[in-house]
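This structure is a prediction, so every number in the text was calculated from the model and none was measured.
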Amino acid sequence: MTTTVITNIGSLVTNDPALGDGTPIGLLQDAAVVIDGDRIAWVGPNADAPAADEAVDAAGRAVIPGFVDSHSHLLFAGDRTQEFNARMSGRAYTAGGIRTTVAATRAACDEALEANLTHYLREALRQGTTTFETKSGYGLTVEDEARALRIAARHTDEITYLGAHIVPPDYADDPAAYVALVTGEMLDACAPYARWVDVFCEKGAFDGDQARAILTAGKAKGLHPRVHANQLSYGPGVQLAVELDAASADHCTHLTDADVDALASSETVATLLPGAEFSTRAQWPDARRLLDAGVTVALSTDCNPGSSFTSSVPFCIALAVRDMKMTPDEAIWSATAGGARALRRTDIGRITPGARADLVLLDAPSHVHLAYRPGVPLVSDVWRQGKRCR
């Protein structure tokens, strides 16, 4: 295996307090990193950097861990331009627009779905995303949900079964029958491809009892829960996520004090998705309230064609700092180590010996520039599993 040393790093975000300045992001100034194969082999002061087969001069620029996007919906066809245009003209966002994407996805061939997936994966990689989770949820038939996950399995290990996205039109008069399908034949077909089971617990989608039945059935098949929780209104989603030891409760926009307390006393990560609030002109999640209560927070894109059509984690970081009252340090941690926590992974989201060699070289002297210079393409180079991608 080839070794690579990256020298003259102006500021290095390690997410290991022991390696850096003692803060959660473990910031190390004037640093160097050695990559050996697909792993980080050494981290330390630039003056002490060992020799390697190849050398890259960071020239005083910043290096951060690769972004961990722990919530996306990339198995779809079509877009919802008209819906977005109408929403920006005053129409409110509801869960019902998902049906438009369901129709387009069902009509698409496998090759078209995979081409769409790989297009957005390349787009995300160019912006520094080295790990991503993605879901089914736009097929809502046994065959279409299984093929979505089968396609996703060729590109990531972080695959989520979301047959419970909405009740499709063909079951509108009998939602109980659809829940039976999601927890029965559809689950049987999808479980071999998935690691996670998810449900949209929301008015217009699935109530608390239905969501519990779906998540419990998934757990019985070896899938671990995640929950779309409390996005559009107050509801039982967060409490259910904590009850079932879900890895994450995602959105978390409308929270009671009891919801915040439950998250703070659990291992469930609150994954915030500011792209959705930006795209729907909705109320921002109160990240400050969660962080001050001791809740573990992740930041992700929620990339989907309806409510958050962005693959840019840097954009979401800028939104979180500007509109959700996170500090730049908190936002970068949440988009890297926080995402790893939301996937219950310890090998990603940090730059420390033994971790996977996922790094981003910024065309900037500090990670703070991700919020300081919003919209500017600051990602210069990306290493994913030790391979330089650009």
Side-chain angles (χ1 to χ4, degrees), residues 68-76 95 98 101-102 105 132-140 142 144-146 148-149 151-153 156-168 178-179 181-184 186-202 204-232 235-253 263 267-273 276 298 300-304 306-308 339 341-345:
V68 180
D69 192 348
S70 62
H71 184 126
S72 74
H73 302 252
L74 301 181
L75 273 303
F76 68 89
I98 293 169
T101 302
V102 170
T105 303
F132 75 97
E133 175 270 2
T134 199
K135 311 175 192 293
S136 65
Y138 290 126
L140 309 186
V142 172
D144 287 308
E145 288 294 291
L149 297 181
I151 291 168
T156 182
D157 295 329
E158 302 297 346
I159 304 168
T160 300
Y161 167 50
L162 183 59
H165 203 177
I166 59 166
V167 176
Y178 186 66
V179 171
L181 181 69
V182 168
T183 58
M186 187 183 289
L187 175 60
D188 291 341
C190 291
Y193 304 105
R195 181 183 177 199
W196 308 98
V197 59
D198 199 347
V199 61
F200 190 9
C201 185
E202 187 61 68
F206 298 88
D207 65 25
D209 290 340
Q210 293 169 327
R212 180 180 287 101
I214 291 162
L215 296 172
T216 301
K219 287 187 74 171
K221 282 286 186 179
L223 307 183
H224 204 86
R226 326 180 65 77
V227 184
H228 282 62
N230 301 52
Q231 177 187 6
L232 306 178
V238 165
Q239 296 287 341
L240 181 61
V242 171
E243 173 192 328
L244 297 179
D245 186 36
S248 63
D250 298 35
H251 290 290
C252 294
T253 307
L263 287 166
E267 297 298 315
T268 299
V269 173
T271 299
L272 306 184
L273 308 165
S300 292
T301 64
D302 191 21
C303 186
N304 75 82
S307 62
S308 184
R341 292 271 192 96
L343 296 175
R344 297 203 165 165
R345 297 273 297 270

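With contacts defined as side-chain heavy-atom distances shorter than 4.5 Å, the pair Leu273/Ser300 qualifies. With a 4.5 Å cut-off on side-chain heavy atoms, Asn304 and Lys135 do not count as touching. When side chains are defined from C-beta on, Tyr138 does not count as touching Asp144, because their heavy atoms never get closer than 4.5 Å. Residues Asp157 and Arg195 fail the side-chain proximity criterion, which asks for heavy atoms closer than 4.5 Å. Between Leu162 and Trp196, the closest side-chain pair of non-hydrogen atoms is not below 4.5 Å. Looking only at side-chain heavy atoms (C-beta outward), Leu263 and Val242 come within less than 4.5 Å of each other. You'll find the side chain of His228 stays beyond 4.5 Å of the side chain of Glu202, heavy atoms only. A 4.5 Å side-chain heavy-atom check between His71 and Arg226 finds every atom pair outside the cut-off.
Side chain of Glu267 to main chain of Ala247: no donor-acceptor pair is present (N/O by atom type, distance under 3.5 Å, no hydrogens or angles). Between the side chain of Asp302 and the main chain of Ser308, no donor-acceptor pair closer than 3.5 Å is present. Distance alone, capped at 3.5 Å, is enough to place a donor-acceptor pair between the His224 side chain and the Asp245 backbone. A donor-acceptor pair under 3.5 Å is formed between the side chain of Thr268 and the backbone N or O of Ala246. Between the side chain of Ser70 and the main chain of Ala342, no donor-acceptor pair closer than 3.5 Å is present. Tyr161 contributes no side-chain N or O that, together with a main-chain N or O of Glu145, makes up a donor-acceptor pair within less than 3.5 Å. Put simply, the side chain of Thr156 gets close to the backbone of Glu158: a donor and an acceptor are under 3.5 Å apart.
Side-chain N/O atoms of Glu133 and Thr160 include a donor and acceptor closer than 3.5 Å.
Of all heavy-atom pairs between Val197 and Gly218, the closest is CG1-CA, 4.0 Å. In terms of heavy-atom proximity, Asp198 sits nearest to Ala164 at O-CB, 4.1 Å.
In this structure Phe76 satisfies the ring pair (Phe, Tyr, Trp, His ring centres under 6.0 Å) test together with Tyr120, Phe309, sequence neighbours excluded. With sequence neighbours left out, the ring pair (Phe, Tyr, Trp, His ring centres under 6.0 Å) criterion links Tyr193 to no other residue.
Applying the salt bridge (Lys or Arg N to Asp or Glu O under 4.0 Å) test to residues at least two apart or on different chains, the pairs with a partner in residues 205-224 are Asp188-Lys221, Asp209-Arg212, Arg212-Glu243.
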